[in-house]
There are 2 protein chains.
Amino acid sequence: MNTYKAPLKDMKFVLFDLLKAERTYRELDLAAADRELSDAVLEEAAKFAETVLAPINADGDREGCRFDRDTGAVATPPGFREAYAQFVEGGWSGLTAPEAFGGQGLPESLACVFKEMIDAANLSWGNYPLLSHGATEALKHHGEDWQREAFLKPIVAGRWTGTMCLTEPHCGSDLGLLKTRAVPEADGSYAVTGTKIFITGGEHDLTDNIVHLVLARLPDAPAGVKGISLFIVPKLKTARDGSTGGPNAVRCGSIEHKMGIHGSATCVMNFDGAQGYLIGQPNRGLNAMFTMMNSARVAVGLQGLGLMDRATQNALAYARERLQMRAAAGAKFPDKPADPIIVHPDVRRMLLTCKALTEGARCLAYQATVEIDKAERAASPEARAEAELFLGFLTPIVKGALTEWANECAYHALQCFGGHGYVREWGMEQLARDARITTIYEGTTGIQALDLLGRKTLHTQGAGLKRFLGLIEALVAAEPDGEFSARLKDTAALWAAVTREIGGAAAADPDAVGAASVDYLFLSAYACLAYWWAESARVAQASGDAALAKAKLETARFYFDRILPRAAQHAAAIRGGSASLMALDAELF
Amino acid sequence: MNTYKAPLKDMKFVLFDLLKAERTYRELDLAAADRELSDAVLEEAAKFAETVLAPINADGDREGCRFDRDTGAVATPPGFREAYAQFVEGGWSGLTAPEAFGGQGLPESLACVFKEMIDAANLSWGNYPLLSHGATEALKHHGEDWQREAFLKPIVAGRWTGTMCLTEPHCGSDLGLLKTRAVPEADGSYAVTGTKIFITGGEHDLTDNIVHLVLARLPDAPAGVKGISLFIVPKLKTARDGSTGGPNAVRCGSIEHKMGIHGSATCVMNFDGAQGYLIGQPNRGLNAMFTMMNSARVAVGLQGLGLMDRATQNALAYARERLQMRAAAGAKFPDKPADPIIVHPDVRRMLLTCKALTEGARCLAYQATVEIDKAERAASPEARAEAELFLGFLTPIVKGALTEWANECAYHALQCFGGHGYVREWGMEQLARDARITTIYEGTTGIQALDLLGRKTLHTQGAGLKRFLGLIEALVAAEPDGEFSARLKDTAALWAAVTREIGGAAAADPDAVGAASVDYLFLSAYACLAYWWAESARVAQASGDAALAKAKLETARFYFDRILPRAAQHAAAIRGGSASLMALDAELF
């Protein structure tokens with residue numbers, strides 16, 4: 001009963017009208033991705049998401065992945081293999097990869113719209129290509145030529161998939177503790193030994209070979225994060241010419257029974273002297289891994305966005321149909337036994353919260369993906385570095401806030417269904433369960449928040465923040481009497497002031513950053529959305545589309561009236577400081 | 001891996017030190033429930049919850065209830081029957097029921113502490129006795145003598161259980177739409193026909209007979225809520241002398257597959273000319289049902305509280321053990337490979353949020369349960385009416401806020417576990433799934449909020465609100481220079497001002513109440529907790545228990561610094577008004 005229809009109109013509005021992506025594509029030598037081609041790609045992508053992926057989502061949840069203890073094999077749910085075959089056949093696996101490796105060289109920002117659709121349609125399924133994309137990035141940036149030939153090409157072609165093997169039982173956020181070992185062999189390869197957990201797509205039946213990218217320590221490595229190297233460990237032994245042999249000494253030991261994403265195999269992977277190849281420099285593995293992780297973090301933010309949209313559109317459809325009670329001002333549909341619940345203010349509050357967060361989040365997420373394209377392809381190194389910096393700033397906001405909002409939207413949307421939201425039949429509870437992982441994997445919200453406030457803001461003297469504040473200033477300057485300008489200006493001032501205050505406090509208090517971090521992430525996210533809602537309303541007014549203009553304006557008003565007060569609340573919490581947070585001894589809790 | 005230990009120390013602190021329940025019991029002629037007996041009851045109750053109910057909670061989730069399509073029978077999960085037998089044997093089923101019906105006549109407020117334990121230990125199991133309690137209330141207040149003899153006594157003895165049959169496929173919150181019919185028979189009974197859904201405990205294997213309390217329409221009943229009557233419909237045909245015969249024409253048609261509470265049977269119940277007895281006055285069934293619902297709403301608030309506590313204590317235990325990274329100010333445990341995560345400010349933020357909400361919620365919930373005792377037993381009708389009024393005000397706050405906070409605490413607590421929180425093994429994800437129903441059943445948060453703001457506040461000229469504001473004033477007057485007094489006073493002033501503003505707006509705007517309601521519920525709840533934290537800190541300082549004094553004081557500080565700013569955010573959202581909420585046409589969403 002839970003359906004998905006890609007919101008193509010809003011997607012195009014954000015990418016092309018708000019973000020002017022077509023102009024960017026021309027500047028980045030991506031002119032092939034003109035509006036016509038882009039539209040065609042998105043139409044096809046929507047068809048794939050709606051008709052291939054969405055229909056197998058509920059069954060995927062119910063059936064889940066199956067693990068064969070005897071062989072270590074994992075069977076994905078019914079239809080997943082077939083959908084993957086169609087994905088490969090349609091050329092989707094290589095959408096953004098360089099043409100030199102068999103890809104189509106299209107913009108990341110365009111492919112990310114497709115990614116939103118995939119995640120909305122079927123989050124579990126979407127994890128398999130997602131991890132391949134991460135592996136592609138690592139190989140592209142850090143692989144030797146033969147490694148790209150041997151491993152990247154089959155991944156781009158969709159014949160193989162990739163994984164990221166970081167976590168171990170005793171180390172999640174703290175990778176410095178990891179114990180997996182890699183011992184050099186005579187032939188230049190390494191024997192990798194250790195246990196990795198929570199490995200998404202570590203084993204499955206979609207492809208024959210799986211390329212694991214594994215963090216491990218060389219024998220002489222220093223302790224901590226500076227002694228970690230990255231290795232390619234294929235499921236099937238793979239020679240330097242790319243030819244595959246028998247099974248490598250890596251095996252799935254079990255799969256997790258999880259709250260959600262049942263169709264996504266989360267594996268314990270046991271490496272027992274498995275053949276591996278060093279990728280990048282020794283002891284610099286974390287750097288190489290961060291290449292994958294930044295890309296993966298934006299991708300998980302897009303998962304949040306996809307879930308937000310799906311939750312919202314299903315709640316909206318239900319609220320238009322479900323008849324309960326009369327509108328407070330009198331019956332709106334006197335011929336029906338009751339009015340549809342969308343007439344009730346509190347139902348509208350939930351729906352508009354979902355809508356305002358979702359469409360606002362789309363602006364922010366797509367803004368980040370356009371920076372990915374610039375960071376990759378801008379003509380000058382300076383322009384690339386600047387885009388990289390801004391992307392670095394936006395990434396933890398996108399990952400952190402959009403995944404938290406996915407949980408919030410799934411929560412409101414389920415609530416709109418009342419008891420029907422809690423039963424499996426309507427699919428809302430699956431969205432809520434699936435969404436819950438997104439604030440955890442690829443770095444928890446807490447980790448994103450530390451990254452945003454520490455590395456990406458205080459350590460850069462607020463470079464990314466200033467860039468965003470500049471966007472706000474420009475909009476306010478262009479519309480000094482605009483309906484939202486005063487509140488937008490106040491919000492920017494609050495954001496800047498709180499940042500300065502934390503910077504000041506951090507000089508004396510080592511806990512100041514950690515105490516402020518998650519509230520700071522939310523404050524930043526609500527400030528970003530305030531900009532994007534004011535800008536959306538402005539651009540929509542000029543679009544000549546009266547329905548769009550009205551919808552964006554009224555939703556912007558709702559956002560400023562009823563959501564933006566959260567920014568002040570987070571600022572107040574931050575200003576509460578670290579004292580009451582740190583005072584209580586652990587044993588007194 | 002998910003355990004439960006009843007927080008007896010805090011429970012007793014709240015009930016006896018803060019709320020002075022022992023004095024109330026003496027005043028209410030409940031002197032038998034002195035401190036010694038109360039302590040003994042709570043110790044035994046804790047043992048039952050910890051050793052009988054908690055151990056079967058995870059299995060109950062995994063196995064769930066089983067429905068036999070051929071017979072319509074429902075089997076509860078392993079251990080549920082045995083636990084229920086122990087519950088009955090221990091005399092727990094009649095704890096608060098009048099001695100005339102075989103009960104022990106103990107205070108509701110004491111039994112509700114046990115209820116918190118039951119819900120924390122095993123929410124699914126707890127639903128079976130909970131519904132019996134609701135039926136007990138309805139029979140006690142509205143049943144004829146023979147009905148009490150025939151139906152109440154076996155329920156009090158635990159030999160039978162009860163249900164509440166309200167919801168139908170097309171009507172949840174809007175009971176005016178219900179269609180189930182009751183036709184008078186020659187012998188004074190009624191033939192009840194219709195379909196009820198979402199019936200908790202509608203069928204099970206814990207007892208032979210089940211007493212359904214069913215809302216239905218008499219043939220000549222007016223339309224809407226004023227044409228609804230309440231009927232007793234037993235599973236086994238039951239004569240007026242209480243003797244049971246063969247099966248009645250009521251049968252479970254299926255059970256729901258739900259997000260959580262898998263051990264609690266949620267049934268579709270088909271009544272096909274089933275033998276029923278009218279209870280209370282014709283067409284006044286909703287009134288009688290409200291007797292059950294108010295009691296059930298506080299009870300569901302206690303479910304929220306129980307889940308909050310269990311989530312918090314498990315996250316705390318994990319945060320003390322799990323080693324990841326070093327404290328920002330330098331290693332706290334240099335001999336270990338890393339520090340326990342409880343040293344990190346953001347983990348503390350989540351834990352303290354859980355702790356502050358849970359212990360604050362306990363004060364508010366127990367405050368309501370003491371009012372239940374007063375409403376039932378106070379000497380004068382005026383005192384009973386006053387307690388009833390205050391209870392009516394507190395009930396939607398307790399039900400609405402504590403269930404929302406249960407979801408919030410389960411969310412934070414799961415997050416503290418990182419990826420381990422998302423897998424079944426640790427039990428955190430079950431808490432999150434179980435908690436999700438509590439904001440829905442017995443009236444959604446939206447329904448509670450309308451009840452609070454409309455019926456219980458504006459329609460009473462703020463009688464209950466004034467009573468709570470009086471508590472705050474007294475505390476501020478007693479401690480004019482108290483650390484929290486200024487902020488407490490401001491909060492009370494904000495609460496009062498916003499109430500007046502909504503009242504003013506409502507005169508002209510029919511949507512003003514609905515637009516403000518849920519934010520008003522939260523504003524009220526955070527204001528109540530501000531009072532209770534200031535009061536907890538004050539009373540704990542005088543307790544002579546240094547650890548308690550420190551823990552309550554620091555947690556109060558945390559509450560005022562970092563949680564209370566939410567009150568202002570909800571006030572700001574309310575002040576945003578209804579305009580932007582109501583402006584968008586349904587088709588433009």
Side-chain angles (χ1 to χ4, degrees), chain A residues 172-174 177 198 256-259 316 320 324-325 328-329 337-338 342 344-346 348-349 351-352 355 415 418-419 422-424 429 436-437 439-441 444 446 510-511 514-515 517-518 547 550-551 554 557-558 561-562 565-566 568-569 572-573 576 578 580-584 586 588-589, chain B residues 172-174 177 198 256-259 316 320 324-325 328-329 337-338 342 344-346 348-349 351-352 355 415 418-419 422-424 429 436-437 439-441 444 446 510-511 514-515 517-518 547 550-551 554 557-558 561-562 565-566 568-569 572-573 576 578 580-584 586 588-589:
Chain A
S173 299
D174 189 357
L177 301 175
F198 298 156
E256 303 291 347
H257 299 280
K258 306 185 300 293
M259 184 178 187
L316 184 58
R320 284 178 176 141
Q324 292 287 279
M325 300 191 278
I342 197 169
H344 303 309
D346 191 60
R348 298 177 73 89
R349 179 187 60 82
L351 292 172
L352 280 165
K355 180 181 170 68
Q415 190 75 14
Y422 197 67
V423 299
R424 191 198 277 165
E429 59 91 35
R436 193 64 192 85
I437 188 58
T439 69
I440 297 171
Y441 62 14
T444 62
D511 291 313
S517 54
V518 167
K550 167 105 172 137
E554 293 298 349
R557 286 175 171 156
F558 174 84
D561 286 350
R562 313 225 15 152
R566 299 181 187 186
Q569 178 237 314
S578 72
S580 62
L581 203 53
M582 304 310 295
L584 206 54
L588 288 184
F589 259 79
Chain B
S173 299
D174 189 357
L177 301 175
F198 298 156
E256 303 291 347
H257 298 280
K258 306 185 298 295
M259 184 178 186
L316 184 57
R320 285 178 175 141
Q324 291 286 281
M325 300 191 278
I342 196 169
H344 303 309
D346 191 59
R348 297 177 73 89
R349 180 187 61 82
L351 292 172
L352 279 165
K355 181 181 170 68
Q415 190 75 13
Y422 197 67
V423 298
R424 191 198 277 165
E429 60 90 35
R436 193 64 192 85
I437 188 58
T439 69
I440 297 170
Y441 62 14
T444 61
D511 290 312
S517 54
V518 167
K550 167 105 171 139
E554 294 297 349
R557 286 175 172 157
F558 174 84
D561 286 349
R562 313 226 15 154
R566 298 181 187 187
Q569 178 238 313
S578 72
S580 62
L581 203 54
M582 304 309 295
L584 206 55
L588 288 184
F589 259 79

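Just so it is clear: chains get the letters A, B, ... in the order the sequence lines come, proteins before strands, and each one is counted from 1.
When the candidates B:M259, B:E256, B:K355 are compared by the number of heavy-atom contacts under 4.5 Å with chain A, B:M259 comes out ahead. Among B:A572, B:G446, B:G419, B:A547, the residue with the largest count of heavy-atom pairs under 4.5 Å with chain A is B:G419. The choice from B:S173, B:G418, B:G172, B:A573 that makes the most heavy-atom pairs within less than 4.5 Å of chain A is B:A573. For the set B:A551, B:A515, B:A338, the entry with the most heavy-atom pairs within less than 4.5 Å of chain A is B:A515. Per-residue heavy-atom pair counts under 4.5 Å with chain B were compared for A:L588, A:L581, A:D561, and the maximum is reached by A:L581. In terms of non-hydrogen atom pairs under 4.5 Å with chain B, the most contact-rich of A:L352, A:L351, A:T439, A:I437 is A:I437. Most heavy-atom pairs under 4.5 Å with chain A: of the set B:E554, B:E429, B:R436, this distinction falls to B:R436.
B:Y441 meets the side-chain hydrogen bond (donor to acceptor under 3.5 Å, both in side chains) test with B:N127, B:Q303; sequence neighbours excluded. Residues satisfying the ring pair (Phe, Tyr, Trp, His ring centres under 6.0 Å) test with A:F558, not counting sequence neighbours, are none.
Proximity to chain B (any heavy atom under 4.5 Å) is shown, for A:A568, by neither the backbone nor the side chain. Both the backbone and the side chain of A:K550 come within contact range of chain B, with heavy atoms under 4.5 Å apart. When heavy atoms are compared at a cutoff of 4.5 Å, B:I342 approaches chain A solely by way of its side chain, counted from C-beta outward. For chain A, the nearby part of B:R320 is the side chain; its heavy atoms alone come within less than 4.5 Å. For B:L316, the part lying near chain A is the side chain, with the backbone staying farther off; criterion is any non-hydrogen pair under 4.5 Å. Using a 4.5 Å cut-off between heavy atoms, B:L177 touches chain A through its side chain atoms alone.
Without hydrogens or angle criteria, A:R348 side chain to B:L584 main chain gives a donor-acceptor distance under 3.5 Å. Between the side chain of A:Q324 and the backbone N or O of B:D174 there is at least one donor-acceptor pair closer than 3.5 Å.
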* Quick one: do B:H344 and B:M325 satisfy side-chain contact (heavy atoms from CB on, under 4.5 Å)? Show the steps, please. => CA-CA 9 Å; B:H344 303 309; B:M325 300 191 278; 3.9 Å; yes
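Pairing each heavy atom of A:G514 with each of B:P345, the nearest pair is C-CB, 3.5 Å.
Residue B:R566 holds its CZ atom at 11.0 Å from CZ of A:R566, rounded to the nearest 0.5 Å. Rounded to the nearest 0.5 angstrom, B:R349 CZ and A:S578 OG are separated by 14.0 Å. We find the NE2-CZ distance between A:H257 and B:R424 to be 5.5 Å, quoted to the nearest 0.5 Å.
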